[in-house]
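Here's the structure we're looking at; comments come further down.
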Amino acid sequence: MAPTDPRVLAIHKASWDFAENWQAEDSIRAHARAKASEIGCPAIQPGAGSTLRTLAAAVKAHNVVEIGTGAGVSALWLLDGMNPDGVLTSIDIEAEHQLIAKEALTQSGVSPNRVRLINGRVDEVLDRLTEGAYDLVFVSSRPVELEGHIAAGVKLLRKGGLLVIDNALWNEKLADPAQRDADTVAIRSAVEHFADNDGFISSLLPVGGGLLVSVKR
């Protein structure tokens with residue numbers, strides 16, 4: 001049962017804040033996050049970003065797909081954890097987002113041959129990628145598109161590869177059964193799909209807006 005004592009809740013909140021800020025963002029990520037806020041696109045939070053970097057390092061990721069480039073914050077975290085010669089393929093339908101991401105990547109000194117920024121409809125791009133060839137697929141999609149993007153991302157993963165879904169707790173709405181709006185229902189359905197799935201070993205991590213991490217068997 002979840003604690004209700006205000007003192008315990010305050011300690012939990014303080015611990016979450018401490019963990020979330022344990023790995024501070026550098027000025028380039030902070031600037032990209034500010035630009036993301038200006039144009040209204042999501043950006044992964046520092047705690048989730050550092051976890052994403054660790055996961056990429058754990059699987060020695062060489063080939064990675066990112067669904068939803070945003071302002072480039074998550075791309076920077078991923079590249080930090082990937083093999084030095086690894087290649088990130090990042091897809092976004094919004095050209096403006098990728099222009100901001102490209103600026104952040106350039107400022108960070110990322111070699112152009114390490115990143116493929118593809119502007120286009122995500123479904124169409126994913127269909128052109130090689131199945132079973134990727135070590136990690138990171139999904140940061142709108143809830144209405146999440147199911148389709150997950151299905152396509154799973155096909156791209158090699159055995160032992162990681163599927164990581166950002167904002168999987170959906171601004172804390174997922175824990176509230178009274179929340180039945182379309183977006184929350186879509187994310188809840190996606191998360192529940194991995195709760196008891198023989199094809200994956202999964203964990204739901206309360207970092208940032210929530211990360212669902214699934215290893216393909």
Side-chain angles (χ1 to χ4, degrees), residues 20-122 124-126 128-130 132-142 149 152-153 156-158 160-167 205 207-209 211 213:
E20 192 65 23
N21 294 291
W22 182 63
Q23 287 281 349
E25 287 185 321
D26 59 22
S27 60
I28 296 172
R29 286 176 175 82
H31 178 70
R33 176 181 300 284
K35 296 291 288 185
S37 180
E38 286 179 14
I39 63 174
C41 80
I44 196 167
Q45 296 182 36
S50 63
T51 302
L52 189 61
R53 176 180 61 185
T54 301
L55 292 169
V59 295
K60 297 179 173 60
H62 188 274
N63 295 307
V64 175
V65 172
E66 177 182 44
I67 301 174
T69 307
V73 179
S74 50
L76 291 171
W77 284 113
L78 280 166
L79 287 160
D80 274 357
M82 292 168 59
N83 280 355
D85 60 346
V87 177
L88 172 66
T89 299
S90 186
I91 311 161
D92 204 303
I93 196 170
E94 297 291 345
E96 182 183 12
H97 295 180
Q98 291 198 327
L99 285 173
I100 297 171
K102 186 175 181 180
E103 178 185 0
L105 291 164
T106 300
Q107 290 176 348
S108 290
V110 175
S111 174
N113 63 7
R114 292 202 62 204
V115 183
R116 292 196 300 165
L117 293 178
I118 302 178
N119 174 231
R121 293 181 58 85
V122 173
E124 295 175 0
V125 176
L126 293 176
R128 299 199 299 267
L129 300 181
T130 304
Y134 292 87
D135 306 300
L136 190 154
V137 174
F138 176 62
V139 184
S140 180
S141 303
R142 294 186 303 166
H149 291 173
L156 299 178
L157 283 173
R158 63 168 173 82
L162 287 176
L163 179 74
V164 184
I165 302 171
D166 189 28
N167 211 14
L205 309 179
V207 292
L211 282 184
V213 180

- Message: Enumerate the salt bridge (charged side-chain N to carboxylate O under 4.0 Å, His left out) contacts for residues 75-100, please, sequence neighbours excluded, ordered by first and then second residue.
- Response: Arg29-Asp80

- Query: If only atom types and distance count, is the side chain of Arg116 paired as donor or acceptor with the main-chain N or O of Ile91 below 3.5 Å?
  - Reply: no

- Query: Would you say the side-chain atoms of Gln107 pair up with the backbone N or O of Ser27, donor to acceptor, closer than 3.5 Å?
  - Reply: no

- Message: Can you give me the closest heavy-atom contact between His97 and Cys41, atom names plus distance?
- Response: CE1-CB, 3.4 Å

- Message: To check you understand the geometry: which heavy-atom pair defines the closest contact between Ala95 and Asn119, and what is its length?
- Response: N-ND2, 3.4 Å

- Heavy-atom nearest pair, Met82 first then Leu88, reads CE-N, 3.9 Å

- For the student: nearest non-hydrogen atoms of Ser111 and Asn113, plus distance: OG-OD1, 2.6 Å

- Message: If I compare all heavy atoms of Ala36 with all of Ala71, which pair ends up nearest, and what's the gap?
- Response: CB-CB, 3.7 Å

- Message: Within this structure, what is the CG-CD1 distance for the pair Leu211 and Ile165, rounded to the nearest 0.5 Å?
- Response: 9.5 Å

- Query: Applying side-chain hydrogen bond (donor to acceptor under 3.5 Å, both in side chains), which residue pairs with at least one partner in residues 42-64 are found, sequence neighbours left out?
  - Reply: Gln23-Arg53

- Note on the structure: One should read off an interatomic distance between Asp26 CG and His31 NE2, to the nearest 0.5 angstrom, of 12.0 Å

- Please examine the side chains of Leu162 and Leu157, heavy atoms only from C-beta on, and report whether any two atoms are closer than 4.5 Å. no

- Item | Spacing of Asn167 atom CG and Ile44 atom CD1 [to the nearest 0.5 Å] | 9.5 Å

- Message: If you apply the rule side chain to side chain contact (heavy atoms under 4.5 Å, CB included), what do you find for Asp166 with Leu52, and how did you get there?
- Response: CA-CA 9 Å; Asp166 189 28; Leu52 189 61; over 6 Å; no

- Item | CD1 on Ile67 to OG1 on Thr89, rounded to 0.5 Å | 11.0 Å

- Which pairs count as salt bridge (charged side-chain N to carboxylate O under 4.0 Å, His left out) when at least one residue sits in residues 34-47, sequence neighbours excluded? Lys35-Glu38

- Query: Taking atom CG of Leu129 and atom CD1 of Ile118, what is their separation to the nearest 0.5 Å?
  - Reply: 6.0 Å

- Message: Testing the basics here: between Arg114 and Asn83, what is the closest heavy-atom pair and its distance to 0.1 Å?
- Response: NH2-O, 2.9 Å

- Backbone N or O of Val207 within a donor-acceptor pair of the Glu20 side chain at under 3.5 Å? no

- With a 4.5 Å heavy-atom cut-off, do Leu78 and Leu136 have their side chains touching? yes

- Note on the structure: d(Leu55 CG, Asp135 CG) to nearest 0.5 Å is 12.5 Å

